[in-house]
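Heads up, the thing below is written out as structure tokens.
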Amino acid sequence: MESNIKIRGARAHNLKNINVEIPRDKLVVITGLSGSGKSSLAFDTIYAEGQRRYVESLSSYARQFLGQMDKPDVDYIEGLSPAISIDQKTTSRNPRSTVGTVTEIYDYLRLLFARAGRPHCPNCGKPIAQQSIDQMMDQLKDLEERTKLLIMAQVVRGKKGEHKKILDHIRHEGYVRVRIDGEVYDLGEEIQLEKTKKHTIEVVIDRLVVREGIEQRLADSLETALRMGDGVAYVQIVDGELLMFSENFACVDCGISLPEITPRMFSFNSPFGACPVCSGLGSNMEFDFELVLPNPKLSLAEGVFAPMSKNLNTYANCQMAAILEKHGASVDTPWEKLKKDVRNLLLYGTGDEKYEFGYENMFGEYKIHNSAFEGVMPLLARRYQEADSDAMREDYENYMTITPCPACHGARLKPEVLSVKIGEKDIHEVTDLTISEAEAFFSHLDFNAREAKIAAQILKEIHARLGFLLHVGLDYLTLSRAAGTLSGGEAQRIRLATQIGSGLMGVLYILDEPSIGLHQRDNNRLLDALKHLRDLGNTLIVVEHDEDTMYAADHIIDIGPAAGSAGGQIVAQGTAEEIKAVPASVTGQYLSRKRFIPVPSKRRKGNGNVIEIVGASENNLKNIRAKFPLGELILVTGVSGSGKSTLVNEILYKGIASRLYRAKGKPGKHKKIVGLEHIDKIIDIDQQPIGRTPRSNPATYTGVFDIIRELFSQTTEAKIRGYKPGRFSFNVKGGRCEACRGDGIIKIEMHFLPDVYVPCEICKGARYNRETLEVRYKGKTIADVLDMVVDEAVDFFKNVPRIANRLQIIQDVGLGYIKLGQSATTLSGGEAQRVKLATELARRATGRTLYILDEPTTGLHTADIDKLLSILHRLVDGGDTVVVIEHNLDVIKTADHIIDLGPEGGSRGGEIIAEGRPEDIVKVKESYTGKFLKPVLEEKF
């Protein structure tokens, strides 16, 4: 086998026909400035070719389902192994998917509980066991000898049909009577049952009326009953008392019998185990009173019910107006001034009481109606269920919250399933443990000899998988955590742990920034996991900017020298020390500290005002009080899972947004937020896409395209033709190409194959019709402008300040390499976040704005982080406040104020460990952030 992976003539995206050799069975880091071509080499060239070759090796039958994969733009690649991509795509959004199911740990838990679990009565909680015939007889010995008994066994339970075969079989066995749906029938009678009705049939085994040989007859009858009734029989004493006997697990005190205990019983995705009320989801979506009625000072006329129409002429509003009028109020009466009973009538309905009201329908017909009102909350629930479009359902969901199922209280399973325990915990309680707690729990179980033998192999698999998760720094996650709530970095590390567990060798793994979202404390564990995967005999290619990862790597490939069209070349290769010696390598300059991000000479003192969160207790937060001094750059830090996102995103942002803008979305639990009078705006600059369709792009999102269209409409040719700015929009008829409706591409449906997108044959991908493209500004069409990268456009529009200034800001945030018309769907989360940041910077600063950013360094090289910091400091220098959740020490060291959460993640986190200036944080021994920050502050250049 080749010792290197040889790549010749790679030209994907901005790669400049590069040749490169990558050592096999090594940990290789590909680094470089954002947009330099790292992902183009790693994913769009190496991984794409590996996948293509794998698909080509399959049969033609299998390929028809996988589709034809395009060959990447490369001359050839030698020495390629089967490739697996471990990227940052989040795991399944299916609400049934959890950390436990994704890692397959839950499958082993189901097997463990089914084979070694100890059943308890779901009613009284006592341990229960299977009964032998002898044990059953011992219980019957205390009965008086003359007592008459009736022994029955259930052979049909609530099933539709005539059940002729079962009745014939019972007759053939010589029994004389059956009890059907509570009525006793002699088998000599003609029994006809309805096909469509559900029936329950019990066969009467024996009637004991004599004393002689009673014990033997009881034993014989019980055996027969148990055989007929699938292991369950009932003994009915003539005076009405009913005793249950079962060869299965049963509680004789409560008369409850458990079904056969199997692994499928413990699956919340199976009807055998799932809670029947929530179908195994563990929660229900319900309309939240606080979201439906966010402002009690409003009246019906002012739209007190947020999801309802403000139009007083709607059917529901006419009904409510009649109710208000009858009870001495009106549509103008504020909600808070209505009597409690009137509020309840509006919210939950009038029951059987009817109200007379007039209503004019859409045809102009006015009629008097007399009917009961169902209530706003039931009405909304009905409309949600009856909604015939996803958009309508999504709109209603803005006013709903997820509440635990009232039956299982979030456990997802039936009571009888949760009654099976190991170590005094049911399976749900075990999955609610964090990874580290679960590891400790399974290490100290007290099994008897039989259980220990059964559980040994299962526990080995569980310990192995928990260990892999611990190694990649996910000790704070619970096994019950919904997979859809994981960050990209967490999802990637779960996949990494799964691959370590697979034990494969000879595989090419390609990872995209696995250190994202990981505190420095946990970085070494991640690196150990990567090295372990390498030492198994695999090749790891890691796209990464983290310095620790670069120093741990066997080989580094630095791509640059700049981003976009100025990148795509191999600048340097070798170890970290060898990269340092290459003057052209920006990465090397930062590694050698010839370039660095300096520690500020002084910290800002802010404007003296503070926003304070009191009693934050959502998720793992321990009823904390957090102060955010305004006019400063505030960093919220802490180990992964310590509560940073909960405090900032769920409480600070949602709490303020709901008060300032009546924003949808319920804030996390807290008592109050003080100091809102000191700000007039809060902006969350997250990493969500800037648009969901290819039509959205940086030019449209930032608003610069409106000015560009206006500029084109002012050209001489446009004025002669009478073209307005709308003519240069690809979203409306007139100037766009109608063959592709302004998309530039056409989707061809391939039925059982994936859809294929091809350039429009009419406009050749330009998006506009021929007449529109005849208008030029400085020799360029509107399509040419959209195809420009920002760096080129800044120079092109330098004499148009309104455009140049906005483009300059996009360039300042490190996005000079992206195209103005680049589809929003192709931007990474970090790029989308910086486009949003540029858009905000283009607006006039108020000095009273609070900005929130969650890990803005995602995907950024140190040189790009330097640019980002200059932008953030520019915002704060303008009087605004910036709150950043971050692990990157280069960002943390520039803060004016730090709030450090911990001490650990999950249930052992949620407290403020330290707060103040960076110099204050390093003095707190309990702070992991302070421990790693100290040498950075003391570093001399």
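Keep in mind that this is a model prediction, so the values were computed, not measured. Nothing fancy with the numbering, it's 1 onward along the sequence.
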* To do: May I ask you to establish whether R393 and Y384 are in a cation-pi arrangement, using a distance under 6.0 Å from NZ or CZ to the six-membered ring centre and at most 45° from the ring axis?
  =>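 That pair qualifies as a cation-pi contact.
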* Asked: Between E183 and R179, is the closest basic N to carboxylate O distance under 4.0 Å?
  ->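 E183 and R179: not salt-bridged.
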* Between K666 and D288, is there a side-chain N and carboxylate O pair less than 4.0 Å apart? ->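 Answer for the salt bridge query: yes.
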* Mind checking side chain to side chain contact (heavy atoms under 4.5 Å, CB included) for K198 and listing every partner two or more places apart, or none if nothing turns up? =>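 Side chain to side chain contact (heavy atoms under 4.5 Å, CB included) list for K198, sorted by chain: K160.
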So, [X] side chain and [Y] main chain: donor-acceptor pair closer than 3.5 Å or not?
{"X": "S97", "Y": "N94", "value": "no"}
{"X": "E439", "Y": "S436", "value": "no"}
{"X": "T478", "Y": "L433", "value": "no"}

* Asked: Where is the tightest heavy-atom contact between S419 and C121, given as atom of each residue plus distance?
  ->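 In this case the closest contact between S419 and C121 is CB-C, 4.3 Å.
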* Heavy-atom pair of closest approach, residues I462 and L112 ->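 Residues I462 and L112, closest heavy atoms: CD1-CD2, 4.2 Å.
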* Point-to-point distance, once rounded to the nearest 0.5 Å, from CD1 of I170 to NE2 of H163 ->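 Going from the CD1 atom of I170 to the NE2 atom of H163 covers 10.5 Å.
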Would you say the side chain of [Y] lies within less than 4.5 Å of the side chain of [X], judging by non-hydrogen atoms?
{"X": "Y315", "Y": "H369", "result": "yes"}
{"X": "M377", "Y": "Y348", "result": "yes"}
{"X": "E202", "Y": "V178", "result": "no"}

* More than 12 heavy atoms of other residues, nucleotides or ligands under 6.0 Å from CD of E353: is that the case? ->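 Yes - once you tally the heavy atoms of other residues, nucleotides and ligands closer than 6.0 Å, there are more than 12.
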* Establish, yes or no, whether a centroid distance under 6.0 Å links the rings of F287 and Y399. =>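 Judged by ring-centre distance (under 6.0 Å), F287 and Y399 do not meet the cut-off.
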* Examine the side chains of Q385 and Y396 and answer whether a donor and an acceptor come within less than 3.5 Å of each other. =>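 The criterion, which ignores hydrogens and geometry beyond distance, is not satisfied for Y396 and Q385.
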* Stepwise salt bridge (charged side-chain N to carboxylate O under 4.0 Å, His left out) test for D168 and R171 -> CA-CA 5 Å; D168 288 342; R171 286 193 184 96; 3.2 Å; yes
* **Pairing residues for F305 by the ring pair (Phe, Tyr, Trp, His ring centres under 6.0 Å) criterion, not counting sequence neighbours** =>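 Counting only residues at least two positions away or on another chain, F305 forms a ring pair (Phe, Tyr, Trp, His ring centres under 6.0 Å) with W335.
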* Provide the full list of salt bridge (charged side-chain N to carboxylate O under 4.0 Å, His left out) pairs with a residue in residues 110-122, sequence neighbours left out, each pair given once. =>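 Listed by first then second residue: D107-R110, R118-E451.
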